[in-house]
Amino acid sequence: MEMSITKPAAKWFIKELDLEEGDAIRFLARYGGFGGVHKGFSLALEKAEPNNLGAEVTEEGIHFFVEESDIWYFDNKNFHIKYSRKYDEIEYVIE
């Protein structure tokens, strides 16, 4: 699995989550919610330190990652994080 994040998306996370250089954001599968690759699950995030990395990318001094235990959620696809200026929100692309 390849993971990427655009610079504008990283800046959005820094602003919205009050992040500082060196902080880390984990993306994980959670039971419930809407959307996503698997019915009944959705993508969540939390500020956390990596334990057993499955995929990672660093942008604007922030470490974004997925643990090995959550790789299944992405179903052998790549994970791209983008920022939509039109809607002022984050867009997750799994392809």
S.K.: Between CZ of R30 and OH of Y73, what distance do you get to the nearest 0.5 Å?
M.R.: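 If we round to the nearest 0.5 Å, R30:CZ and Y73:OH are 9.5 Å apart.
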S.K.: Do you know which two heavy atoms are closest between K77 and E95, and how far apart they sit?
M.R.: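 Answer, listing the atom of K77 first, then E95: CB-O, 3.4 Å.
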S.K.: Using side-chain heavy atoms (C-beta onward) and a distance below 4.5 Å, is L45 in contact with F64?
M.R.: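 Answer no - side chains too far apart.
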S.K.: Could you report the tightest heavy-atom contact between H80 and N78, atom names first, then the distance?
M.R.: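 Closest pair (atom of H80, atom of N78, distance): NE2-CB, 3.6 Å.
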S.K.: Roughly how far, to the nearest 0.5 Å, is CD1 of I94 from CG of L43?
M.R.: 6.0 Å
S.K.: Counting C-beta onward and ignoring hydrogens, is there a side-chain heavy-atom pair between L28 and E67 closer than 4.5 Å?
M.R.: no
S.K.: Might you work through the side-chain contact (heavy atoms from CB on, under 4.5 Å) test for D88 and Y83, ending with a clear yes or no?
M.R.: CA-CA 7 Å; D88 186 31; Y83 171 72; 2.5 Å; yes
S.K.: Using the rule that Ile, Leu, Val, Met, Phe, Trp and Tyr join whenever any side-chain heavy atoms are under 4.5 Å apart, tell me whether L53 and M3 fall into a single cluster.
M.R.: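 L53 does not cluster with M3.
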S.K.: Taking NZ, NE, NH1 and NH2 as the nitrogens, is one of them in E91 or K82 under 4.0 Å from a carboxylate oxygen of the other?
M.R.: no
S.K.: Please work out which of the three classes, parallel, tilted or perpendicular, describes the rings of Y92 and F27, given edges at 30° and 60°.
M.R.: perpendicular
S.K.: With the side chain counted from C-beta on, respond yes when F65 and V57 share a heavy-atom pair under 4.5 Å apart, and no when they do not.
M.R.: no
S.K.: Does CD in E21 sit with more than 12 non-hydrogen atoms of other residues, nucleotides or ligands closer than 6.0 Å?
M.R.: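 Result for CD/E21: open.
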S.K.: Do I71 and V93 land in one hydrophobic cluster if side-chain heavy atoms of ILVMFWY residues count as linked below 4.5 Å?
M.R.: no
S.K.: Is the shortest heavy-atom distance from the side chain of I81 to the side chain of F13 under 4.5 Å?
M.R.: yes
S.K.: Would you say that E60 contacts I14 through its side chain, given a criterion of any heavy-atom pair below 4.5 Å between the two side chains?
M.R.: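 With C-beta onward as the side chain, the pair touches.
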S.K.: Are L19 and K47 packed together at the side-chain level, in the sense that at least one heavy-atom pair is separated by less than 4.5 angstrom?
M.R.: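 They are in side-chain contact.
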S.K.: Taking atom CD of E68 and atom CE of M1, what is their separation to the nearest 0.5 Å?
M.R.: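 Going from CD on E68 over to CE on M1, the span is 10.0 Å.
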S.K.: Considering non-hydrogen atoms only, spot the tightest contact between W72 and A29 and give its length.
M.R.: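 Closest approach of W72 to A29: CZ2-CB, 3.6 Å.
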S.K.: Measuring only between side-chain heavy atoms, which start at C-beta, is P50 closer than 4.5 Å to E56?
M.R.: no
